[in-house]
Amino acid sequence: MLSSPDPQSLATAVELAIAARSARLGRAAHAQIVKCLSPLVPSFLSNHLVNMYSKLDLPSAAASTLALDPVPSVVSWTALISGAAQNGRALPALLHFTAMLRASVRPNDFTLPSTFKAAAALRHSLAGRQLHSFSLKTGLINDVFVACGALDMYYKTGLALEARQMFDEMPHKNIVAWNAVMTNAVLDGRPGEAIDAFSKLRLSGESPNTISLCAFFNACAGASYLWLGAQLHAFVIQSGFDSDMSVGNGLIDFYGKCHCVDEARAVFDGMPTKNDVSWCSMIVVYAQNGAEEEAFNVYLDARREGIKPTDFIVSSVLTTCAGLSGLDLGRSVHAVAIRSCIDGNIFVGSALVDMYGKCGSISDAEQAFREMPDRNLVSWNAMIGGYAHYGDAHMALAVFDEMINSGEVAPNYVTLVNVITACSRGGMTREGLDLFETMRERFGIQPRTEHYACVVDLLGRAGMEERAYEFIKEMPVRPSVSVWGALLGACRVHGMTELGRIAAEKLFEIDPQDSGNHVLLSNMFASAGRWEEATEVRKEMKDVGIKKGPGCSWIIWKNVVHVFQAKDTTHERNDEIQAMLAKLRREMQAAGYVPDTQYALYDLEEEEKETEVLQHSEKLALAFGLICIPPGIPIRITKNLRVCGDCHRAIKFISGIVGREIVVRDNNRFHHFKDYQCSCRDYW
DNA sequence: GTAGGGTTAG
């Protein structure tokens, strides 16, 4: 007969399974232990096994292994509790702790930190206090690990005063205590306090470690302290910390939040090893700095590198797709989410609702919303925002009522912005005003400047510009750019040139460099035939050195973004596009279309104006779409400015002539064109 | 043999 393996080598096999993070190896080691040593499995092997199952996040295997130990030791219990706490199962962790006490096993200095962590995760300050007094009575609080656990727990349960007091009273402040102070200051939105703690830490003679550095960069990112963070980056390079992955990830995020995209990329490219967090951070840097295409490319690179699409990555990329208005890209990411079994994650779900809403597929947004296993405030806001974008005020209000009645979550200021915007787009002026006037008493939400802007927009769209102006004059807070911008936009649509000029001048005062407002004013004069004033505004822009961000429209076809500017002839299929435009012009005119040349931007002869409006970017993009997208597939165009009035009329005609569905998303809302009609019913 | 503080998203 073969000699059995000795218990020590069996323990080694269990440890190897942990190191390899392999449940298969772990189960094999367990089977071998049972085969060789049953029924007398020594307690120390039982400890190893519980630890192994806990670390591999197999909670029921861990619990049943412990249950089969006739005398489970403090080590087994501790492994069970810490496994639960580390893997986000805070309530089971606390339940194990009480079960341990009931079994008359005394917790030790290794048990308490994990238990504090569980109480902190549950935001349960009473459980935390109870654990704290337990630590005091047993004297375990004198252990620095236990004290740090209590400190962190007090911060996370919102008792910052108790936490500070504990910290001040600690006889020996180790690096973990300092780090807990810093990370919690950042989490609670007090980056200055974290930076302050970092300098005190250095004065105390303690050396910062990678976690202190992460917290520091995080604080600099939150406060946009570019200079301070860049200085510490130099220190990081000197001290060799830059090869650490977490520090690198923190640096990427820091530079991204300070809008230094190239620096973030340089850190990313220079990292010796990258993980999913590094890739995700890089995607977010591009997405949050207006480079959605680049963000999507980084995602594709990550997939090619074999990076697992995590819930973080997928929700970030979905936001990118929303920004690009890339419905097909978004759908493909949705498929990835399903295959990776993360479509039930609340972040992913909300991002899906948001993406489908912003890409104009409201039924998909609704479906994604209804299928979410859990919903929170952000999910509801995304759904209401989707209907607002779509211009369906009735559905936005219906979902809003459903949210209130469900009692799941209370609305916040974003919710109110979305509902009032929906009322504005859908022409429900009375309902929108009612919501604004009662939001404070009904929902306890203080109106912010965003809400005032919504109301100005609401009145302006309904043709009540003068009333909107009176409303602005009576505002208790200083009107922001968006408030005056809403008035200017309304004046442009309704040809209220004089009031528009007042709004524009206020805008120039607040933000003299913004090109959009100058262009809007100039266009308004042009529409009114006041060419001299229009030219004057343009000239002023040139003199002050304002660069005009070009208006452009784009269309995504076969994963390629095709961008067009007005009068753009640079596209490789320009000849076909021009031929298509000429053909459309003839057919539209036969159907009764007359070009609306008030939207031409220059003082030209009538015929030249007609040619000018024909070359607007949305028409070029549409012509391109008609050439390459097969019949039956809706054509989706996105524009970075508001769609022009002539283009709106023309596209209504074209949708009927070619018998196709055309969806235009401008910076304001969606227009679904079908059979000579638009979903906005010409009210926008 | 068992433990603490961490980077990314809607």
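A note on names: the letters A, B, ... follow the listed sequences, proteins ahead of strands, and every chain is numbered from 1.
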Is A:Arg190 positioned over the aromatic face of A:Tyr155, cation under 6.0 angstrom from the ring centre and no more than 45 degrees off axis? no
Side-chain donor/acceptor of A:Ser133 to backbone N/O of A:Gln130, under 3.5 Å: yes
Selected nucleotide, minimal atom distance to [X] side chain, candidates [options]:
X	options	result
A:Ser82	B:dT8, B:dG10, B:dT2	B:dT2
A:Lys55	B:dG5, B:dT2, B:dA9	B:dT2
A:Asp253	B:dG10, B:dT8, B:dA3	B:dT8
A:Phe145	B:dT7, B:dG1, B:dA3	B:dA3
A:Val277	B:dT2, B:dG5, B:dT7	B:dT7
A:Asn218	B:dG5, B:dA9, B:dT8	B:dT8
A:Ala351	B:dG5, B:dT8, B:dG10	B:dG10

Would you kindly give the [atom1]-to-[atom2] distance between [X] and [N], to the nearest whole Å?
X	N	atom1	atom2	value
A:Leu112	B:dG5	CG	P	13 Å
A:Asn249	B:dA9	CG	P	12 Å
A:Leu201	B:dG5	CG	C1'	12 Å
A:Met153	B:dG5	CE	C1'	15 Å
A:Met166	B:dG5	CE	C1'	14 Å
A:Tyr286	B:dT8	OH	P	18 Å
A:Asn87	B:dA3	CG	P	12 Å
A:Met182	B:dT7	CE	P	11 Å

Any donor-acceptor pair under 3.5 Å between the side chain of [X] and the base of [N]?
X	N	value
A:Ser316	B:dA9	no
A:Asn376	B:dG10	yes
A:Ser350	B:dG10	yes

Ion pair [X]/[Y], N-O distance below 4.0 Å:
X	Y	value
A:Arg375	A:Glu402	no
A:Arg164	A:Glu193	yes
A:Arg129	A:Glu162	yes
A:Arg304	A:Asp301	yes

Need one value for [X]: base, sugar-phosphate or nothing, where a base atom within 4.0 Å counts as base even if backbone is also close, heavy atoms only.
X	answer
A:Lys358	nothing
A:Asp311	base
A:Ile175	base
A:Val378	base
A:Phe312	base
A:Ile346	base
A:Asn47	base
A:Lys274	nothing

For B:dG5, does OP1 or OP2 lie under 4.0 Å from any side-chain N or O of A:Asn174? no
Hey, does the side chain of A:Lys117 come within less than 4.0 Å of B:dG5's phosphate (OP1/OP2), counting only N and O? yes
Please name all residues satisfying salt bridge (charged side-chain N to carboxylate O under 4.0 Å, His left out) with A:Asp374, sequence neighbours left out, ordered by chain then number. none
Just to verify, what does A:Lys257 make a salt bridge (charged side-chain N to carboxylate O under 4.0 Å, His left out) with, not counting sequence neighbours? A:Asp253
Give DNA chain B the dot-bracket treatment, 5' to 3': Watson-Crick (N1-N3 with N6-O4 or O6-N4) or G-U (N1-O2, O6-N3) under 3.5 Å, [ ] crossing, | other strand. ..........
Can A:Phe347 be called stacked on B:dA9 when the rule is centres closer than 5.5 Å and an angle between planes below 30°? yes
Flag yes if more than 12 heavy atoms outside A:Tyr225 fall under 6.0 Å of its OH atom; otherwise flag no. no
